[in-house]
Visitor: 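My questions will all concern the structure given below.
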Amino acid sequence: MAVETLPPPQALLDQKENRQQRLTQLYEEIRQLKQQRNAVILSHLYERIEVQNLADHVGDSLGLSRQAASTDAEMIVFCGVHFMAETAKLLSPQKRVFLGNANAGCPMADMITREDLIQFKAQYPGVPVVAYVNTTAEVKAESDVCCTSANAVNVVRAVNTDKILCVPDQHLAKYIQSQVPEVEVIWWNGFCPTHLRMLPEDVISLKHQYPEAMVLAHPECDDPIKELADFIGSTTKIRSTAIQSDKRVFIVCTEDGVRERLSQDCPDKLFLTPTRACAVCPNMKLTRLENIRNTLRDLTDEILIPDEVAVKARKAIDFMMAIDG
Ligand code: CIZ
Ligand code: SF4
């Protein structure tokens with residue numbers, strides 16, 4: 001078998017040094033453009049670590065959208081996927097909103113269209129719809145209330161109903177069902193391909209090697225992973241739980257950006273992933289510093305939502321905020 005020849009150590013060290021210089025130069029270009037544009041940069045916890053480190057705020061989609069609404073900046077560059085930038089635009093209609101990379105979409109959000117939802121609702125007349133924030137503005141506009149992974153259970157409890165349609169994530173829906181048994185949750189069959197890559201046998205094997213480890217899981221994971229978890233919650237809650245915990249070892253069952261973030265937040269703790277480097281959302285990694293620089297410079301692909309859609313979608317978000325402000 002042919003053995004691949006690797007570059008000598010000095011060549012690899014030179015590459016590392018060049019990359020560091022390039023990053024420093026890009027950081028400076030972005031800093032200047034940001035000032036000129038009066039812009040704020042927001043990064044989801046799933047983004048590349050250099051993007052998270054550059055951002056003014058890091059968090060989950062709703063937390064960041066709230067930041068967007070409260071800032072004095074005239075322009076927002078959202079480093080995340082399309083539905084997140086749309087949510088920021090819905091909450092900040094007077095600001096200009098751009099995605100860090102306009103090609104970054106969410107396969108789960110694309111698993112249900114407005115037309116699909118209209119047909120789904122027609123099968124269950126009068127049953128309210130809760131839409132996960134991972135949906136397009138058009139789908140939110142056809143829904144009664146929005147939710148995030150952080151507040152989904154509280155939102156469903158607060159809607160006065162004995163049945164609810166939950167779109168698009170079947171795994172979040174099953175989690176809600178387990179927590180709110182008094183309401184019948186009828187779900188759409190969407191899923192997150194990244195979260196489904198994590199395997200229970202990998203969690204079990206890590207747990208075997210590190211029995212003291214705390215297992216942290218996102219509700220988008222499949223049931224067998226959630227059954228192994230010591231804590232289930234949103235990215236922000238996973239982060240705060242790990243930061244506040246006395247434990248030293250964690251098995252992080254969500255997109256790898258959270259593990260990277262936590263490794264930086266808590267250098268004295270160990271964060272492990274239950275897949276061999278596969279829990280990476282390719283869309284979340286599309287945004288590079290070059291894309292952010294180009295977005296600030298060229299102002300292309302602005303997020304625009306037609307008024308008739310925005311007014312209805314905002315109602316679903318406002319309803320969620322009234323329950324879980
Ligand atoms: O709402 C978000 O940001 C998502 C998609 C995940 C999470 O749990 O934070
Ligand atoms: Fe969508 Fe999953 Fe990627 Fe989140 S991690 S953006 S839900 S595909």
Side-chain angles (χ1 to χ4, degrees), residues 42-48 51-52 55 57-68 78-88 90-91 99-112 130-137 139-140 146-155 166-173 175-176 188-198 216-222 225-226 229 231-242 252-262 273 275 278-287 316-317 320-321 324:
L42 309 178
S43 168
H44 196 271
L45 286 158
Y46 293 163
E47 289 288 309
R48 289 171 184 275
V51 171
Q52 296 192 34
H57 303 283
V58 179
D60 60 26
S61 56
L62 188 66
L64 291 174
S65 293
R66 285 194 175 122
Q67 289 282 0
F78 204 120
C79 305
V81 291
H82 194 261
F83 77 82
M84 298 179 177
E86 273 192 340
T87 308
L90 288 170
L91 291 179
L99 249 183
N101 182 329
N103 295 320
C106 168
M108 181 208 278
D110 294 338
M111 286 178 192
I112 189 162
V130 56
Y132 190 21
V133 67
N134 298 39
T135 43
T136 61
V139 165
K140 287 187 181 76
C146 188
C147 76
T148 69
S149 46
N151 62 21
V153 168
N154 286 346
V155 166
C166 184
V167 298
D169 186 20
Q170 59 180 292
H171 299 288
L172 176 66
Y175 176 65
I176 299 170
W188 190 255
N189 278 330
F191 58 90
C192 165
T194 299
H195 282 83
L196 292 197
R197 257 180 237 136
M198 278 163 275
L216 306 165
H218 195 276
E220 288 173 26
C221 292
D222 204 355
I225 296 261
K226 292 196 290 251
F231 175 82
I232 301 171
S234 65
T235 54
T236 305
K237 289 193 175 170
I238 286 179
R239 185 180 178 204
S240 57
T241 301
V252 184
C253 305
T254 187
E255 209 280 339
D256 203 50
V258 175
R259 188 192 55 76
E260 277 201 81
R261 176 86 243 156
L262 279 167
T273 175
T275 48
C278 290
V280 167
C281 172
N283 283 282
M284 282 288 181
K285 306 301 187 220
L286 277 180
T287 307
I317 295 181
M320 168 182 75
M321 303 281 220
D324 187 69

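Atoms within each ligand, like the ligands themselves, are counted from 1 in listed order.
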Visitor: So, the side chain of Lys226 versus the backbone of Ile232: is there a donor-acceptor pair under 3.5 Å, distance only?
Guide: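 Judged by distance alone, no pair lies under 3.5 Å.
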
Visitor: Could you tell me whether a side-chain N or O of Gln52 sits under 3.5 Å from a main-chain N or O of Glu47, the two making a donor and an acceptor?
Guide: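 Between the backbone of Glu47 and the side chain of Gln52 there is a qualifying donor-acceptor contact (under 3.5 Å).
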
Visitor: How long is the straight-line distance from SG of Cys146 back to CG of Asn151, given to the nearest 0.5 Å?
Guide: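 Those atoms lie 8.0 Å apart.
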
Visitor: Taking 2.8 Å as the limit, list every protein N, O or S atom around atom 1 (Fe) of ligand 2, by chain and residue number.
Guide: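 For atom 1 (Fe) of ligand 2, the protein N, O and S atoms that sit under 2.8 Å away are Cys106 SG.
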
Visitor: If you draw a 6.0 Å radius around NZ in Lys285, do more than 12 non-hydrogen atoms from other residues or ligands fall strictly inside?
Guide: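 Yes, because the 6.0 Å sphere around NZ of Lys285 holds more than 12 heavy atoms from other groups.
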
Visitor: Return the closest protein heavy atom for atom 4 (Fe) of ligand 2 as residue, atom name and distance.
Guide: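 The answer is Tyr46 CE1, 3.8 Å.
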
Visitor: For Thr254, give me all partners under side-chain contact (heavy atoms from CB on, under 4.5 Å), at least two apart in sequence or on another chain.
Guide: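 Thr254 satisfies side-chain contact (heavy atoms from CB on, under 4.5 Å) with Tyr46, His195, His218, Thr235, Ile238, Val252, Val258 only.
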
Visitor: Would you mind reporting whether Leu196 and His171 have side-chain heavy atoms less than 4.5 Å apart?
Guide: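 With C-beta onward as the side chain, the pair touches.
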
Visitor: One pair per line, please: each N/O atom of ligand 1 matched with every protein N/O atom under 3.5 Å away, atom names first, then the distance to 0.1 Å.
Guide:
{"from": "ligand 1", "atom 1": "1 (O)", "to": "Ser61", "atom 2": "OG", "distance (Å)": "2.7"}
{"from": "ligand 1", "atom 1": "3 (O)", "to": "His44", "atom 2": "NE2", "distance (Å)": "2.6"}
{"from": "ligand 1", "atom 1": "3 (O)", "to": "Ser61", "atom 2": "N", "distance (Å)": "2.6"}
{"from": "ligand 1", "atom 1": "3 (O)", "to": "Ser61", "atom 2": "OG", "distance (Å)": "3.2"}
{"from": "ligand 1", "atom 1": "8 (O)", "to": "Ser149", "atom 2": "OG", "distance (Å)": "2.7"}
{"from": "ligand 1", "atom 1": "8 (O)", "to": "His218", "atom 2": "NE2", "distance (Å)": "2.5"}
{"from": "ligand 1", "atom 1": "8 (O)", "to": "Thr235", "atom 2": "N", "distance (Å)": "3.0"}
{"from": "ligand 1", "atom 1": "9 (O)", "to": "Thr235", "atom 2": "OG1", "distance (Å)": "2.5"}

Visitor: Roughly how far, to the nearest 0.5 Å, is the CG atom of Leu216 from the NZ atom of Lys237?
Guide: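 If I round to the nearest 0.5 Å, the distance is 13.5 Å.
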
Visitor: Using side chain to side chain donor-acceptor pair (under 3.5 Å) as the criterion, list what pairs up with Thr135, not counting sequence neighbours.
Guide: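 Scan of Thr135 (side chain to side chain donor-acceptor pair (under 3.5 Å), adjacent residues dropped) gives Lys140.
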
Visitor: Quick one: are Asn134 and Glu220 in side-chain contact, heavy atoms under 4.5 Å?
Guide: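 A side-chain contact exists here, since the closest heavy-atom pair is under 4.5 Å.
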
Visitor: Roughly how far, to the nearest 0.5 Å, is SG of Cys79 from CG of Leu286?
Guide: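 These two atoms lie 11.5 Å from each other.
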
